[in-house]
2 protein chains.
Amino acid sequence: MPPRHDLPILGQDVRERSDAARNREALLSAAQELVDRCGVEAVTMDAVAASAGVGKGTVFRRFRSRAGLMAALLDQFEADWQAQVISGPPPLGPGAPPLERLLAFGRSRLEQNLRGAALIRAALDGAMTRNYAVYSFAATHLRYLLDELEVAGDIALLATDLMAPLEVVILQQQIEIEGMSVERIAAGWEDLALRIIARRRT
Amino acid sequence: MPPRHDLPILGQDVRERSDAARNREALLSAAQELVDRCGVEAVTMDAVAASAGVGKGTVFRRFRSRAGLMAALLDQFEADWQAQVISGPPPLGPGAPPLERLLAFGRSRLEQNLRGAALIRAALDGAMTRNYAVYSFAATHLRYLLDELEVAGDIALLATDLMAPLEVVILQQQIEIEGMSVERIAAGWEDLALRIIARRRT
DNA sequence: AATGAAAACGGACCACGGTCCGTTTAGCCG
DNA sequence: CGGCTAAACGGACCGTGGTCCGTTTTCATT
């Protein structure tokens, strides 16, 4: 019988070896610990490796790069928020009318981005593109809301238009350099949202 | 007579020593040369220093960091565009009605950001905040146009809302990952602009 | 011209991200 | 259980960004 050449079928999850899984866990919690205790800047690949008791090469095999590791931490950080959107109380969660959900989305996303600012920037740092998974959830939800509101136009682009001003780089410039208050920015986002959804279908 | 302690008065330009000026020139053109011949990634601080015939420390004194050097190159890159806005032909330059200038601004800015993408990302890389000078010109002009159009609301924030979707990180995601065409994005920007300026003062 | 002090210079040095490759281990199969 | 293969491991190694400090240069003042 010829040797088998199982090319991994797309979507079929490739079993992770037990030691690999164990190390992934150890690395993630070591990294999280470092973030909590000393801040994002202190998260050195050597430090994480040492703290998790594995070699440096292992860290890079698992996460590709420092940005990749940060993205993994970011995924964990976002899990709560995503849960609140999917099944939390209104108006952020389901149950409220779409417009209220939209406004709650904006406010909440603004705060979430500010909370995770350091992590988000670190996850973007040398990466050619941002972690798509994290971004994708919010964008999809936003498109859904715009559709519910029967907004006319290119929904995908309008969703981007609403997410873009909440980008961390922009928020930090507004707050730290131009001295704007978070309240003002939040109010501005609501205004933008209203202008965008003013044009309806039908 | 006691030694003089001239604290530099703000706004009074501190004379640059002749050797310093010479080296700045040499460094900038060496860096530009490297960008042109080998791309942004090839611009190593050592390479620039060697190519300009100065020590590495000098590069860092002048530009603080790699991001700072890139920002300086970006300033040069933007000079042409700024000139076109200030005194070029309409509709980008003065002379056309504000709405036409606004639409020309969006299209032109979109293309400019794509052209300078690599430089812009490199200039943002490890920096705590983006190069303010470059950003500031475009933002100021945009606020002026919105004001001319008698747009109601928080003009500064609305200007940001219009600049944000043109951010390189976002454009690259749309084009390279989501596969959108530049044409579609440009059309989407016009649509956004029209929605935003729909609410007028008076 | 001499002089003195502030500013600029240069390159050795360090820390961190990322790679490479020889070694070890998990897990399947006979 | 023994053996085999693919995967995972680890840490030496490299390149690059950034700092530091002893040396050199500029230039204002006399």
Side-chain angles (χ1 to χ4, degrees), chain A residues 1-8 13-27 30-31 34 38-72 121-128, chain B residues 1-8 13-28 30-31 34 38-73 121-128:
Chain A
M1 195 188 288
R4 298 168 54 194
H5 270 274
D6 295 318
L7 289 187
D13 64 334
V14 182
R15 261 290 276 232
E16 192 178 31
R17 241 172 68 169
S18 62
D19 51 349
R22 191 163 7 98
N23 282 339
R24 153 189 260 104
E25 281 303 308
L27 285 169
L34 273 176
C38 316
V40 171
E41 307 74 31
V43 181
T44 293
M45 298 307 259
D46 295 87
V48 173
S51 175
V54 305
K56 196 179 180 178
T58 303
V59 191
F60 281 93
R61 166 140 356 77
R62 276 278 145 318
F63 302 103
R64 301 275 318 260
S65 64
R66 191 183 122 102
L69 174 57
M70 294 311 186
R121 294 206 55 154
L124 188 61
D125 185 85
M128 60 213 65
Chain B
M1 192 189 290
R4 299 168 51 195
H5 270 275
D6 297 317
L7 290 186
D13 65 333
V14 182
R15 263 287 280 232
E16 192 179 32
R17 243 172 64 169
S18 62
D19 51 349
R22 194 167 1 101
N23 282 338
R24 154 190 261 104
E25 280 303 306
L27 284 169
L28 274 179
L34 273 176
C38 316
V40 172
E41 308 74 32
V43 181
T44 296
M45 298 306 258
D46 296 86
V48 174
S51 175
V54 305
K56 194 178 179 180
T58 302
V59 191
F60 281 93
R61 167 143 354 78
R62 277 279 150 306
F63 301 102
R64 299 277 316 263
S65 63
R66 193 183 121 101
L69 174 57
M70 294 311 187
L73 290 180
R121 296 206 55 155
L124 188 62
D125 183 86
M128 60 215 65

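Letters go in sequence order (proteins before strands), and every chain restarts at 1.
Between A:T58 and D:dG10, a side-chain N or O to OP1/OP2 separation shorter than 4.0 Å is present. OP1 and OP2 of D:dT25 both lie 4.0 Å or more from every side-chain N or O belonging to B:S18. Between A:N23 and D:dC9 there is a side-chain N or O to OP1 or OP2 distance below 4.0 Å.
For the atom pair CG of A:L69 and CZ of A:F60, the computed distance is 9.0 Å after rounding to the nearest 0.5 Å. Between B:L27 atom CG and B:M45 atom CE the span is 8.5 Å, to the nearest 0.5 Å.
No side-chain donor-acceptor contact under 3.5 Å links B:T44 to the backbone of B:A47.
Here A:R62 pairs with A:E16 in a salt bridge; the nearest charged N to carboxylate O distance falls below 4.0 Å. With salt bridges taken as basic N to acidic carboxylate O contacts below 4.0 Å, one links A:D46 and A:K56.
For the side-chain contact (heavy atoms from CB on, under 4.5 Å) test with A:R66, the passing option among A:V48, A:V59, A:D125, A:V43 is A:V43; the others fail.
Put simply, the side chain of A:R17 and the base of D:dA8 share no donor and acceptor less than 3.5 Å apart.
Atoms CZ (A:R22) and C1' (D:dA7) sit 14 Å apart, rounded to a whole Å. With rounding to whole Å, A:E16 atom CD is found 14 Å from D:dC9 atom C1'. As rounded to whole Å, 12 Å separates atom C1' of D:dC9 from atom CG of A:L27. Look at CG on A:L69: it is 14 Å from C1' on C:dG18, rounded to the nearest Å.
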Classify every nucleotide of nucleotides 15-20 of chain D by which part a protein heavy atom approaches to under 4.0 Å, writing B for the base, S for the sugar-phosphate alone and - for neither, in 5'-to-3' order.
-SBBB-
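When the nucleotides D:dA8, C:dG10, C:dC9 are ranked by their closest atom to the side chain of B:D19, C:dC9 comes out on top.
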